[in-house]
Amino acid sequence: MGKMARIIGILMTVLAAFGFYPQSSADEFTAEDLKRWEQQFMVVVKQGEKLFHSGDLGKNRVSCDQCHPNAANTHPETYPKFQKQLGKVVKQQEMINWCIQNPLEGNPLALDDPELTAIEAYINHERRGVPMAPGKH
Amino acid sequence: MRRIVYGLSILILLAAWAGAAEPPLGLPKVPIPKDNPLTPEKVQLGDKLFNDERFSTTGKVSCATCHAKDKGFSDALPVSEGIDQLKGTRNAPTVLNAAYFHSQFWDGREPSLEEQSAQPFLNPVEMGLKNHEPILKSVRTDPEYVRMFEKAFGKKAQQITMKEVKKALASFERTLVAGDSPFDRYFYGGDKKAISPAAIRGLEIFRGQGRCVSCHTIEQNHALFTNHLFHNIGVAAQRMPANLDDLRAAVQEVKEKGVDVAVLSNPKTESLGRYAVTRELSDMGAFKTSTLRNIEITAPYMHDGSLKTLEEVVQFYNNGGRLKETDPVPELLDGGIRPLNLTVEQQADLVAFLKALTSSQFVKK
Amino acid sequence: MMRLNRRDFLKSTGVTILGSALPFGLVKVAFGANNPGQKFTFGYISDAHIQHLGGPKFVRNWDRGLIRAVQEANLLSPRPDFFFFGGDLAQLGTKEEIDHGLEIMSKLQGKVNYVMGEHDYYFDLGKYWESKLGPHYYSFDHKGVHFVVLNSILTHDEWTFKKWPTPMDRMLAMARLDNPEGSPFLVGKKQREWLKRDLAKVNKDVPVIVCSHSPLQKIYKGWNFWTDDAEQVLALLKPFKKVTVIYGHVHQVQYNQIGNISLHAVMATAWPWPYPKTYSQVKSYLPVLTVPMNRADPFFERDATGWQFIDWKTGHADMHYQLPNNKDRGVAYNRKTGRPEDTRYQDPKKRIPSQKHF
C-alpha cells in the first residue's frame, strides 16, 4: 500500500511539473506568472487612463485630467482618510465617486464596477513609489 | 405660565450647565476663552443682564426681545424690531450654539460673544442707547447687580466696567448649547430607530446629491453644521449693488456710520454682507454659514428672513440659489451653489432630516 | 479718485507701501534714474475655457468663472486703464465657444487686448479668432511702457501640419495637457524676427511688458509649462532695463526673476492646475521663489481660480490676485532683493498649511 502511494505521489509530481495539475503549492509562482499578471494589471491601467481622459464619466463632458493631469493631486496614498467633502473617513473609491457626481455632474459607479477599478488602477499607477500616508489631509 | 417659563429656564440652565462639563451628544466641548472662565455666578448674572429691558431708551427692549427662549432664542420675525418697533434689516440668529462660531453676526464683524454683546445696545434700531453709560449706571447702583457682580468678578460697584458686563453675557450664552437631537442619537448614539426612514434618506441626500455637508459640516464624532466661512448663496441678489456707483455709495455709508449701524439701517448696504467688513470682492454679498441645529424652531430663514419655510429653503438651494427657476442668479454667486436636480420626494426627505435636528429640550410634545 | 481711508488706499494702489509689515523690509520707492513709465493699473482675465455641450448649453462651471471675474472687475475702483485677456477663451476653439466667451466678456467695462491660447488656436489655426479680435501678435505703447503681445503657443510645423484625421483631432491632441504625444510650445522664428524689429524701435530705458500665453521659461515640458525657444526670446529682451513677462496657461500662482526679467503667471477663471511637482514620477522646475497658491477644495467651483489686476508704479508689476473663497494674494517686486515676492507669505515661517502641495 505504501509503495503504491509513493508511486502515485511521484507520478503526480512529475505530471504537475509538466503543468498537468493545478499548482499544489501556493508559494510557487514563476517569473512568467509575475510578468503575465503585471501585464494584466497594466491593461486595466490603460483602460483607466482612457476613462480618466474621456469626458464620458459625467454629464458635462468634463474629464478628470482637466483638474488632474497625470492623475496629479489625487493623493491615493492618503486613503482611507477624513474627506471634508463627504464629512467622514472614506476610501479612495468613494472620493472618485464624489468627483464623478460633483465636478463631473454624473452618476456614481458601483463600488465593484470594473470601470472604477480601472480608474483606481490608473491613479495609483501614476503615483507609484510614494509611501503610504493614510489619513494625511 | 410664568412659573412654567421660569422652571423651564432653570431646567435649560441646569441641562446646559451639565453640557458645559460634558458636551451634549453630537457637539464638541464648548470653547471657553482663557480670560473668561465659566462660573455659575457669571452665568446667572449674564442671564439677568440678557433679560433686562432697562438697557434701552424705551425700557422695553432686551437681548431676549429678539432672542426669546420660547422662540428658539430668535424672534420668529423676518427682520428684528427694536425700540418703538423700529425694523432692522437682518434676521435674528439663534443664540443656541453660537458659542461654537469663530465669529459673531451674519457678517462675522465681531470675533467673540463678548464683543458681540456690546453692540446692539448702541444701534439706533435695536436698543438705541447713545453709549453704554445707562447700563453702567444701572449695574453700579442696582443692589442686586452690585451683589452679583461682586460675586462673579470680585468688582465693587464703581469698578464695574462694560468688560464685566460683556463677560457675564458671554458666559450665559456659552451655556445655551443644545445637541442631543434625534439625528445625534441616530448618528452618534447608535440608535437606528431614532429618526424616520425619510430622515435617514434625507441624511444621505444632505451628504450626497444635496451638497449640503461641505458648508453645513458633519464630522466623524460631532456636527456643528457650519464651516465658519462666508458664502454668497444668492439671497437678496436683486438688492446687491450692481454697479460701481451703487457700490461706492454703500461703502461710503459703511465708512461714515460704521458697519453695525449702516447695515441695519439700509437694506442695500445690508446686502454687502461680509464685504462691508473686509472690503474684499471675494466677500461681496457673502454671509456666514448658519448652524442648522434647531432649524425647525427658528423660522424664517436666511440673513433677511426672506425664506419662510424649510420647504422654501430646500427649493431655493435646489434651483441653484433662487426660489424660482426664472429668478436671476447673481454673478457673484458662490461656487458651491448650483442646481441640484432633486426630486419632490428627495426634497421632502431633506426637510424631514432638517426637522430631526431639533434638540430634545425643544421638541414640541 | 474717491477719498479713501488707509485700508482702501492699500487695497487699490498696491502693496509697496506696506514697508515694515513685509518680511524683507522694502526700500522706499525712488523715481528718477530708471524710467518706470507712469503709474497706472491694468486688469488681467485669463483661461476661461468656455466649453460647448451642444445647442445653447455650455459647461456651467467655466461660464460662472468668467462671469464672476467680469463682474468683480467691473466693481474695481479706481478703474483700470484697460484689460488683457490672457488666452484660452475657448476650450476647443469652436465658433460657438469663442462667441459665447466674447458675449460674457462684452459686459466688461474697459478695452480688452486679447492674447492667443492653444485652446483658441489649434482647431482652425486662429482663423475665427483673427476675424473677431485681430492679429495674433502685436505691440503698443501706453504711458511710457512698451507692451508686446506674443502668440507663444505655436509648435513645430511637422506636428501642426501633419495628417490629422480632422482639425478637431489636432485640437483635442493639444487640449490634453498631459498628452504624451504632445508638442512643445514655440514663439517661432517668424515672430522672433518680428520681435527683434519691433524692439529695435524701443529705447532700452523704456519698460517692456510681454504678454504671452505659455510661460517664456522652462518649467515642466510634460504639461507644456514650457516654451521651447524661451532662451532666444528672453535674449531679445535682455538688453532692456526693466522687463516683465505675464503669462497664462498654468492656472496657478507662479513668479520668477531671470536676470532683469520678472515673470508672473496669472490665474485661470475656469479651474486650477496642480503644481508639476505633485506628479511624482517626473522632475520639474518650478521657480523656487514661488509661494504656491492654496490647495483647492473642489466643492467650491471657484476655489483656486480668479483674476488679477496689476499696479504699475516702479517699472515693475505688483500683482493683485483676486481669489474667491480665499484671502487675496499679492506678489510685488522687492527693490532690496531685486525679485518679486509674495507680500504675505514669502518668509517660509509665514506659510500656512493649505499652501503645501504634495
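Note that this is a predicted model, so its numbers are computed, not measured.
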Check: Given side chains that start at C-beta, do those of Gln91(C) and Gln66(A) come closer than 4.5 Å, heavy atoms only?
Finding: yes
Next item on the list: Please flag which part of Phe358(C) lies under 4.5 Å from any non-hydrogen atom of chain A: side chain, backbone, both or neither.
Entry: both
Checklist line | Rounded distance (nearest 0.5 Å) linking atom CG of Leu177(C) with atom NE2 of His68(A) | finding: 13.0 Å
Check: For Gln40(A), does the CD atom sit with more than 12 other heavy atoms under 6.0 Å from it, leaving out its own atoms?
Finding: yes
Next item on the list: Sort Asp297(C) into side chain, backbone, both or neither according to what part of it lies under 4.5 angstrom from a heavy atom of chain A.
Entry: both
Checklist line | Over all atoms of both residues, closest heavy-atom pair of Ala72(A) and Trp223(C) | finding: CB-CH2, 3.8 Å
Check: Under 6.0 Å from the NZ atom of Lys162(C), do we count more than 12 heavy atoms belonging to anything else shown?
Finding: yes
Checklist line | More than 12 heavy atoms of other groups within 6.0 Å of Lys277(C) NZ | finding: no
Item checked: Glu77(A) portion near chain C, given a 4.5 angstrom heavy-atom threshold -> side chain
Checklist line | Under 3.5 Å side-chain donor-acceptor pair for Asp178(C) and His53(A) | finding: yes
Notebook entry, point to check: Does NE2 belonging to His156(C) count more than 12 external heavy atoms closer than 6.0 Å?
Noted result: yes
Notebook entry, point to check: Pro69(A) versus Tyr279(C): any side-chain heavy-atom pair under 4.5 Å?
Noted result: no
Next item on the list: Could you walk me through whether Val59(C) and Val62(A) pass side chain to side chain contact (heavy atoms under 4.5 Å, CB included), step by step?
Entry: CA-CA 8 Å; Val59(C) 174; Val62(A) 175; 4.0 Å; yes
Item checked: Option that, when pairs with chain A are counted at under 4.5 Å, heavy atom only, ranks first among Asn179(C), Val282(C), Asn61(C), Leu53(C) -> Leu53(C)
Next item on the list: Name the region of Thr74(A), side chain, backbone, both or neither, that has any atom closer than 4.5 Å to a heavy atom of chain C.
Entry: neither
Checklist line | Pairwise distance NZ(Lys356(C)) to NE2(His137(A)) - rounded to 0.5 angstrom | finding: 12.0 Å
Next item on the list: Specify the closest pair of heavy atoms between Pro274(C) and Cys67(A), including all atoms of both residues, with the distance to one decimal.
Entry: CD-O, 3.3 Å
Notebook entry, point to check: Of all of Gln85(A), Arg61(A), Lys84(A), which one pairs up most often with chain C through heavy atoms under 4.5 Å apart?
Noted result: Gln85(A)
Checklist line | Gln281(C) side, atom CD; Arg128(A) side, atom CZ - distance, nearest 0.5 Å | finding: 4.0 Å
Check: Do the non-hydrogen side-chain atoms of Arg176(C) and Asp65(A) ever get within less than 4.5 Å of each other?
Finding: yes
Check: How about Lys327(C): does its NZ atom have over 12 heavy atoms from other parts shown lying under 6.0 Å from it?
Finding: no
Note to self: What part of Gln83(A) gets within 4.5 angstrom of chain C, counting heavy atoms only: side chain, backbone, both, or neither?
What the structure shows: neither
